[in-house]
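Below is one structure, written out as structure tokens; comments come after it.
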Amino acid sequence: MTESAPNTKMSARDVKVFYGEKQAINGVSIDIDMDNVVAFIGPSGCGKSTFLRTLNRMNDTIASARVEGDITLDGENIYSSKMDVVQLRARVGMVFQKPNPFPKSIYDNVAYGPRIHGLAPNKAELDQIVENSLVRAGLWNEVKDRLTESGTALSGGQQQRLCIARAIAVDPEVILMDEPCSALDPIATAKIEELIHELRGRYAIVIVTHNMQQAARVSQKTAFFHLGNMVEYGDTSDIFTNPREERTRDYITGRYG
Amino acid sequence: MTESAPNTKMSARDVKVFYGEKQAINGVSIDIDMDNVVAFIGPSGCGKSTFLRTLNRMNDTIASARVEGDITLDGENIYSSKMDVVQLRARVGMVFQKPNPFPKSIYDNVAYGPRIHGLAPNKAELDQIVENSLVRAGLWNEVKDRLTESGTALSGGQQQRLCIARAIAVDPEVILMDEPCSALDPIATAKIEELIHELRGRYAIVIVTHNMQQAARVSQKTAFFHLGNMVEYGDTSDIFTNPREERTRDYITGRYG
Amino acid sequence: MTSTAIIFLIAGLGLITWVFARARAGKFITAGPASVHSLPSYHGWYAAMWAVVPAVIFLVVWNSIAPALGSYAVLDSPLAASLPTDPFTRAAILSEARDLSRDANLKVFNDAAVQLAPLYGEADRRYTMIGALAAFLLCFAGGAFAFTRLRPDFRARTKVERMVMLGLLLASLIAILATLGIVASLIFETIRFFNLVSPFEFLFGTNWNPSDKVVDGKATGFGAVPLFWGTVFIGAIIAMAVAIPLGLMSAVYLTQYASPGVRRWMKPILEILAGVPTVVYGYFAALTVAPALRSFAAGIGISNASSESALAAGLVMGVMIIPFVSSMADDSINAVPNSMRDGSLAMGATKSETIKQVLIPAALPGVVGGVLLAVSRAIGETMIVVMAAGLSANLTANPFASVTTVTTQIVQLLTGDTDFNSPMTLAAFALGLTLFIVTLLLNIVALQIVKRYREAYD
Amino acid sequence: MSPTSSPAPAGHPVAHKTDWMGAAMQKRIASRYASERRFKFMGLAAVTLSSLFLAFLLFVMVGNGAKGFITTEATLTVDMPAATGSISADQLTGPRLSATISSIDVRRIYDDAVEAQYGENGTRYFASTAWTALRSQLIANPDLLMGKADFWLPTSSDVDRAAKDRSTPEAEADYARLRQAGEVRQTFNWNFLTGSDGTDPARVGIWGALKGSLITIAVTLLLAFPVGVLAAVYLEEYATKNRLTDLIEVSINNLAAVPSIIFGLLGLAVFLQFFAMPRSAAIVGGLTLALMTMPVIVIASRNAIKAVPPSIREAAMGVGASPIQVVFHHVLPLAIPGIMTGTIIGMARALGETAPLLMIGMRAFTTTPPDSLTDPATVLPVQIFLWSDEVNRGFVEKTSAAIIVLLVFLLTMNAVAVYLRNRFETRW
Amino acid sequence: QDPASTNQGSSRSEIRIVGSSTVFPFAKKVSEEFVNFDPERRSPILESTGTGGGIELFCSGVGANTPDIVNASRRMKKNEFDRCITNGVEEIVEVIIGFDGIALAQSKNGPKINLSVAEFYTALAAEPFGKGPNTTRRWPDINPALPDTRINIFGPPSTSGTRDALEEIIMEKGCKTDPAVGALADSDKDKFEEICHTVRTDQGYTDAGENDNLIVQKLSTNPDAVGIFSYSYLADNAETVRGIPINGVEPSYATIESGQYPGARTLFIYIKKKHVDVIPGLREFLAEYLRGGEPDGYLTRIGLISSPAKMRSEMLERIKSLPTLDGAVLE
Ligand SMILES: Nc1ncnc2c1ncn2[C@@H]1O[C@H](COP(=O)(O)OP(=O)(O)OP(=O)(O)O)[C@@H](O)[C@H]1O
Ligand SMILES: Nc1ncnc2c1ncn2[C@@H]1O[C@H](COP(=O)(O)OP(=O)(O)OP(=O)(O)O)[C@@H](O)[C@H]1O
Ligand SMILES: [Mg+2]
Ligand SMILES: [Mg+2]
Ligand SMILES: O=P([O-])([O-])[O-]
């Protein structure tokens, strides 16, 4: 896995992440393409979130974090000084574990990204973007009559879909999701999983999950992380039925984690 | 299970607990006798801790909590206005999930209860009580040379044993333990379990645990709680090998929880 | 044209620049949003910044020199030849003339000014025009320069944000400046003071009788021990004897016993005590408390009770400090983990036993830190002691006698004689430095204690 | 603990089971409950005592000060045409009016009228500047110049006190006589709210000081608020840990603890001596208080900013907001209530501050309110301090009345702060 | 630098006065009248700094940033005058506004005291008659006939004119009652001044600051205390305090005017001539000052003792012609 596949959107080469002295990721290389949903699985603390955040430089916000190695988006190194991190994050959107809508109206939540990036020259187009995003996030029918209500007044599952709508409103190329369902009940979870299915192909999607069933359900490719290493990366069906590595097998069968 | 058994120390009849509007316990009846260690098991949030705290009225400290039903200690209703809660708590001791020694010396930690209840007329007897309690809690040998050190300077397992010593120093009749090992490592856990074995028979003991193996190891009787109900109560061996209820079986075999 | 009008015009020009730059940048968006680096409005801000900031800086500088230029122009005229040579009189006439040129209805005080007024009007108009023109030029130049730099890949946002960051940094530097200002102003004067009085005498001498008499380069009567004692006696002993029990017990009652309703009302009421200005406390102490204490003392047979007793000032100061102690104690008690309280209650301890034997000992470091902060506040308090404590530098432990404090003496020394070189003025600064250092140390120690204690329970 | 000789073997039973129901134990428990009650009572007593003190303070101030808002007036009959010679109606119109009035020697007319009505020493019944009250009434209503009229003029402070409560025996006698000679009434003391400092307690007012306070506090707010908030934003959101930011932190924490009088010394040495700014001016007071208030605002703002959950920042960054946008679009709007609370409390403190302003000469006597930043001014707390030093008994009620005005301002500000804090306590 | 401003800031349109706390109430009254007379006038700015402090400020230079007038409860000293000259304040006009006495007073509720200058000196001096430290604690330690209360004297601080007057007028008189000490006045002036002019620093004497009002207040609450302040404060507060006779002479308008009272002194104001035609209203203000000090003027009503008619007309002349003070006449 040192050469990029033809349809590769992002690729990481020998990425190491340090928190101060402590190394949290020990040289991970991976390619993410447009066609598949990639799931990161692994026991708690293995570095899934850490690695995910290197992909849109959200770890810049942690003073002690330091990244080595190369990560490219469409062949461009995202850690080069020429890369504008604000633009990068617009292109690589993120959805967080806990739904975190802004304490603003539903409309403003979704419109925020398009506004700061100047994606809509006028109000009508902005309305259109908001509506499209909410529709695609499967939330439109539930909120179309109350767009001015606060985003925080929605239920957890709705909030998470609102966050997804907010992320897709800036029309990113990649969407990173860090355990997007762990705070949700089964019904809300099902909705989000369905949504991921629908979004597939339009965006490159990476999802971190601690729930193997979920990984099996939503992803086409799975990466298994353990103690800061990416132990195995391959088609989801292979990983779950026929893992190459001992550790993967142990984890999948519930020996630990 | 509506009549009390002959050796019954405490018995609850149709106990309901409310936190404000929300009902956390929906009518639980149970008898606790002197000879057996009783384990409460059940999934998180099912009300184990809540019910345990009704037994020594520790839930009086939660403003919103309200208890209905009867709980008796030696046939006396502990919620009657005649019952002195201070005395009740001296007779029904409690050990908490997280070890909570007072920020005082080891000696003072253990001597605290006897002192406030005036159990020792003089220093020599107090010394004796402290020593006996620490011996019985299996801590004496480890701390006898540093009784003046702070209780918070001990390791987690030692702290928990100190809390047990503190509880038995007031010579209670019942000891309630709310997940006393969940903050401890396996070695410390083993020590506490051993201790429970030794204390059995002298005190009525109730232990809450989320670890079924532990319940199987230390208890003679087990009560399974689910969603505020006590689903099943019986001999530990029966519950674990041959549960009567579907839900118990599902839980024991790890279907959920 | 007045300078306000010019500023408004420049602001208007800035706005126009903003609009144009934004519109121009808007045209860059041809191939989708990814093709430009920054939003059009950032280009707008960038250009507006260039248009406005240099012009405004220039105007500020110009406005500070233009009046002088105007005056020189007036002085060059033959009419000015008859002006008196004395600079002060001359200045007065000139400034009156300038006022007259702006408002002809003013009452004329100096007739010479009337002739000069039109000249002034003329000169001022001319220089204002020059300044305005230059400012507009700068405005245009800046705007044009910025305009040429606008390009699809121009990082306008980064530039604008860098300016904002610079502003933020400058704002926080003011804190350092203020601290430096304090330290410098205190230290310079104190060093001068110690040229006249030995630090040893100042810190350990017991004779406080300051005077301006300097004999052989030495001043006497500056032994500050009685002041230190008075300060400690009132602020750290009497006031704390009131504030600690009342504050601590209030906190205990409000956190442990009071119903939420009582707590909701009583807490703000106690906080009001901290919001009452000290001059009001001082007046209250002097008007009501001190005479009452004096007659009380006389009633129990203390003959030489003074009306400005240490007790009166200390008592009232103690009341003022109650909310400080109680809110710190409140925080500390709340920071003790509930498991600690539960542990004690589960042993069959009563509430008061739990509070006395577990909560308060556990919260003690926090409470001590709070008390130290309160002490530092009390010894720096000025108005209560100025109005209610005495002026006699007594070394006495009799609470009905009059003592004086550091802050009282600072006010005494500085509100009288204001000559900056007299030993008495300098002594005020030396006292100020002492006070500064002591309160600083108290605070550092207190914050350290509180911080360590917070960490212990986290 | 004295080491015990023979440790009991593990599991050895305790010698005796405690007899919880025994008489001795019951007695012990009773006494423990008694001490519980005593302790609780002490707590209650502490709270009560503290609030009673506040109540007592307010009671004394209101008790003394309420009278300060009332003034006693007596009538004086003046026959204007007789005193001035005839004034034609057109002299009272338009621009000629002020010239006409200043041509009249109101003071002499007043003296004559008083002597005519109240005898030789009659002026002692009236405030020493009562004639200015007569003049203002004439200016307000020039038609009075055309005829004979009764004017209500303020009585002397002694008589005023006699009318309200008690005074010197002479003044009480004067008051009794006055009631016979003419009419006396008590009305609201508008002059107290609109006038300035003076020598006669019957005629002093707080407007000058209040205006000084308002100007000073405006300067303080304009300087301390932006600087404080911006510094807080910088420290909380952007500052990386280095020597400089450490120094800033330490400076701010220390400034917040420095006694206020030290700021006065700073103002004196730096602003007055070094920068040669004008003595007694509101701008210097405002600058000094701004340095004192800024750290309070910084600390409150930082706490408010800290309370904004990081998830909001992450969310904004996740859609590509720049650090500046994160702060100005999300963090600051959410922190505003907390910042406002801190600012109001800081401003209230500055408004009640006295000592530093004494140091920079804002205690000068002046009888007109300041008009600009550089005009000599005093502030309300300093005015209170100055009046409290006056020996004349008439100043007691004026001092207390001024205190009431100050407290009304401060308590309102504090109440608003408490309201804001409660209202916006948990928004997320 | 703008020539329309001096080196010390720009011009100023209100009068600035500093100086003696004794003269302060008079100056307050005058400024109030000054503004009342014509409400369009700007109120003078008045600060009570004590005579010494005031002269320091006054002499710090000419210009808008320095006071125009200093009130003094004693005559300017030679060294002060020299300082003025050094700082460019060369033309100073001296005006006498009236007389005042240094009054000893006590609360009306206290036991009546009657002192001789010698007794008073003994109570006040650091080393009475040069015979070792002052050991007197209660009045009977000095004279058994005096009431048995603590010696507790509140007086002015060393910067004030009242203090200078106290030392030079009253203490010196008491001191000289011992001929041996009196002889020192010629032989060893320094020694003489040390004995006669040094006030005790122990509990017997309390420096009460520049605020004479404060002393009056303290007296009314401390019945056994004795206060030293200006006669005008005594006159103004006759309700609460009474004068203590010295050598049997009560401080009163008549005794001070006639010079009978041992503590009589002259009150001055000093004006910068250069400011007179620069600061608007300064001349009118001076005129107002003298008008108030006339025998039936409002200043005499609050305790100023009017100067004789001849002196008053001379002063009226002075504020017109503004003759400058000659340093040679000062001490
Ligand atoms: N801000 C940080 N500072 C220091 N160490 C950190 C930080 N964040 C994470 N770590 C450490 O880095 C390692 C990887 O953490 P990470 O959050 O990536 O794990 P994870 O796989 O996402 O776990 P989980 O499933 O619990 O979310 C852990 O050991 C963690 O303790
Ligand atoms: N103080 C409280 N106020 C309101 N609700 C509470 C409170 N404490 C517990 N509850 C609720 O009561 C229910 C029972 O809680 P309880 O703590 O007894 O569960 P548990 O069985 O001990 O769970 P766990 O194994 O997680 O400790 C839960 O739904 C819990 O959310
Ligand atoms: Mg994670
Ligand atoms: Mg539990
Ligand atoms: O204030 P004095 O008059 O005493 O100088």
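Below, each value reflects all heavy atoms present in this structure, side chains not excepted, and no hydrogens, waters or symmetry copies. All chains are named by letter (A, B, ...) in the order of the sequence lines, taking the proteins before the strands, and each is independently numbered beginning at 1.
B:V85 does not touch chain C: none of its heavy atoms, backbone or side chain, sits under 4.5 Å away. Contacts of B:F96 with chain C are made by side-chain atoms alone, with heavy-atom separations under 4.5 Å and no backbone atom involved.
A distance of 9.5 Å separates CG of B:D60 from CG of C:L345, quoted to the nearest 0.5 Å. Rounding to the nearest 0.5 Å gives a distance of 8.5 Å between CG of B:N109 and CE of C:M347.
By the 4.5 Å heavy-atom criterion applied to side chains, C:R341 and B:T61 are counted as neighbours. Residues B:P103 and C:M340 meet the side-chain proximity criterion, which asks for heavy atoms closer than 4.5 Å.
When each of C:V358, C:L359, C:T354 is tested with B:F102 by the rule side-chain contact (heavy atoms from CB on, under 4.5 Å), just one qualifies, namely C:V358.
Counting heavy-atom pairs under 4.5 Å between each of B:R57, B:M94, B:H117 and chain C puts B:H117 at the top. Taking chain C as the reference chain and counting heavy-atom pairs below 4.5 Å, the highest number among B:R166, B:Q87, B:K98 is found for B:R166.
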**Request:** Let me see the working for C:D342 and B:R89 under salt bridge (Lys or Arg N to Asp or Glu O under 4.0 Å), right down to the final yes or no.
**Result:** CA-CA 11 Å; C:D342 285 357; B:R89 292 196 190 131; over 6 Å; no
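Smallest separation of non-hydrogen atoms from C:S339 and B:N100: O-ND2, 2.7 Å.
Under the 3.5 Å distance criterion, the side-chain polar atoms of B:K104 are matched with a main-chain donor or acceptor of C:Q357.
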